[in-house]
2 protein chains.
Amino acid sequence: MTATEDRYRVQSVERAFVLLEALAEAGPEGMTLSDLARLLGISKSSAYAILQTLLAGGFVADSGSGMSRRYRLGMALARLGDVVVSQIALRDVAMTVMRDLTRETGLTSRVAVLDEPYAVVIARVDAPHSTVRFTANLGKREHLHCSAVGKAMLAALPETTVHEILATAGLPEKTAYTITEAPALHADLASVEQRGYAIDDEEDNEGVFCVGSAIFDHTARCVGAVSVTGLKLDLPAWRVDQLGQTVRDHAAQISTLLGAPATAEAAV
Amino acid sequence: MTATEDRYRVQSVERAFVLLEALAEAGPEGMTLSDLARLLGISKSSAYAILQTLLAGGFVADSGSGMSRRYRLGMALARLGDVVVSQIALRDVAMTVMRDLTRETGLTSRVAVLDEPYAVVIARVDAPHSTVRFTANLGKREHLHCSAVGKAMLAALPETTVHEILATAGLPEKTAYTITEAPALHADLASVEQRGYAIDDEEDNEGVFCVGSAIFDHTARCVGAVSVTGLKLDLPAWRVDQLGQTVRDHAAQISTLLGAPATAEAAV
DNA sequence: GGATTGGTTCGGTAATTCCGAACATCGTTT
DNA sequence: AAACGATGTTCGGAATTACCGAACCAATCC
């Protein structure tokens, strides 16, 4: 049946999580050590050791002591769960809006988040009939100063963090068009802030053009950016601003779906 | 320092959760196997085995495959976290309202949840100067047909589940006043539904009087009940209805704090 | 007060898990 | 292009690790 070799599983870890599932079933009143041991079909001492481990990490909590001590799920799980739902929220929301965006523009769209001092792509929707395969691997770290998503985020971040990021990551030259001087970059960021979208004009890859805009969460903090990517020769100059507005609108759409207040997307 | 003997801990379980914390830090883009192994200071194969285990349970998810596969937190954690927050919510919300209730009435108040086919007490606030110590242990299972919290819940549950519960648990006689006949019980439940609160008049313990009312969550389902307990001779008949309304109001208060729609508490 | 249930501690055993190394695959760089 | 480096996956062996059973406390129930 399960061709998935048991060889590459850890027994005690599996038991720990079966135990957690049992506690989840049990509800607020929790379960006793003996109940758990019986339910899992293991010795009391084994269950005890696992519970102590989980207790130390706050993944289970105990009510009462000594006799008839009861165990229930701990706060630490609430924290982990919260991380998951916020991540899922960004991914899922982004995916649906990105599909819209590529359908409207015919271009590959991507969403990246900030992983100081780099940007990292967490979702991508390929153009339907892309002439070139952009090998944009998910999870790949990219420089901020030479990408549309990167500059969109930089323009939305506080000044101090921008300085920190540029200080640690620098401004390496990727192509002849890469902005390698801090003053020039700050000037560019100012116009990004004004327009509401950023442009990468062959600054990261020769012949590649990108337009990106920042995404904000419910606390009005910048959590990432969305962009479309195409070949420079497919994009006449008169289309750029129209494209920029489209991307900006879709970014705002993601932000509102994340519960961002309307002010976050407006001009500073 | 930590006098907590490492002897009663499970190494691999501890590692698994350190790994999860690391993934939580990592964010939506996740981490690679090698990164994790380096970070935890363990071999790749060990980290691999743990990851496979977590993957099987849905506690981590993987993006991409083969090369540069990335791991991030899985949906199962969202589920566990959700269970925790709803439990915490009920407990915490209940405690504050219960303190109000005992202050106003001078009686011991308790909150129980349904653990078919029994009721189980999950929180209690003792009366300030209680003449008698009610040994109402938390987590203790009680019959539904002879307690105020039990009858309050029964009146709020669908007919089919009521039948199931009574069929499996029966109607054992606890005192001379215990309702042991199904028709009589149903008649009582009807009046409970009408009044909005249930009465236990020495049906569980001789000389003990209880008044209880049901609690509803944000999905308008009955999740428990709250009650006050006192000695029969301290409660003249004319106080009963006033007390019932007080308990009912506080139950409604808990329900609204849990996000229950206003209709749930109204008469059926 | 005895009997029963539940939690905690301990010692020995062997099963479990850990590691290192080798293989397969892919991306990068020379 | 081809070699290199890095990554995920598989395997065998060694011993650490975690499991169990039993005994020891503590508290409840009869």
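All chains are named by letter (A, B, ...) in the order of the sequence lines, taking the proteins before the strands, and each is independently numbered beginning at 1.
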- Which part of the nucleic acid does Ser12(B) contact within heavy-atom distance under 4.0 Å: base, sugar-phosphate only, or nothing? sugar-phosphate

- Whole-Å distance, Ile50(B) CD1 to dT16(C) C1', equals 13 Å

- Report yes or no: does Thr53(A) contribute a side-chain atom to a donor-acceptor pair with the main-chain N or O of Val10(B) at less than 3.5 Å? yes

- Task: Specify the residue among Asp35(A) and Val13(A) whose closest nucleotide of DNA chain C lies further upstream toward the 5′ end.
- Result: Asp35(A)

- Item | Nearest-angstrom distance from the residue atom CD1 of Ile42(A) to P of dA15(C) | 18 Å

- Message: Expressed as a whole number of angstroms, how long is the span from Tyr8(B):OH to dG7(C):P?
- Response: 16 Å

- Note on the structure: Smallest heavy-atom separation, Val111(A) atom then Ala94(A) atom, equals CG2-CB, 3.9 Å

- Message: I want to verify a distance call: between dG7(C), dG6(C), dT17(C), whose nearest atom is closest to the Arg38(A) side chain?
- Response: dG6(C)

- Task: For Ser34(B), answer base if it contacts any base atom (sugar-phosphate contacts may also be present), sugar-phosphate if it contacts only those atoms, and nothing otherwise; contact means non-hydrogen atoms under 4.0 Å.
- Result: sugar-phosphate

- Measure the distance from CD on Gln52(A) to C1' on dT17(D) and round it to the nearest whole Å. 18 Å

- Query: Will you find, in the side chains of Thr229(A) and Thr108(A), an N or O donor that is under 3.5 Å from an N or O acceptor?
  - Reply: no

- Message: If I take atom NZ in residue Lys44(A) and atom C1' in nucleotide dA23(D), what distance separates them, rounded to the nearest angstrom?
- Response: 11 Å

- 5' precedence on DNA chain C between Leu33(A) and Gln11(A) (nearest-nucleotide basis): Leu33(A)

- Message: Could you check, using the six-membered ring where one of them is a Trp, whether Phe59(A) and Tyr71(A) have ring centers closer than 6.0 angstrom?
- Response: no

- Message: Looking at the base of dG7(C), is there any donor atom on it, or on the side chain of Thr32(A), that sits under 3.5 Å from an acceptor on the other one?
- Response: no

- Arg70(B) CZ - dG27(C) P separation (whole Å): 14 Å

- Message: If you apply the rule side-chain contact (heavy atoms from CB on, under 4.5 Å), what do you find for Ile179(A) with Glu203(A), and how did you get there?
- Response: CA-CA 7 Å; Ile179(A) 300 174; Glu203(A) 296 162 34; 4.1 Å; yes

- Roughly, in whole Å, what's the span from CD in Glu14(B) to C1' in dT17(C)? 15 Å

- Message: Rounded to whole Å, please give me the gap between CZ in Arg15(B) and P in dA18(D).
- Response: 8 Å

- Task: Between dT16(C) and dG12(C), how far apart are the C1' atoms? Round to whole Å, please.
- Result: 16 Å

- Query: dT8(C) phosphate, OP1 or OP2: any side-chain N/O from Arg69(A) under 4.0 angstrom?
  - Reply: yes

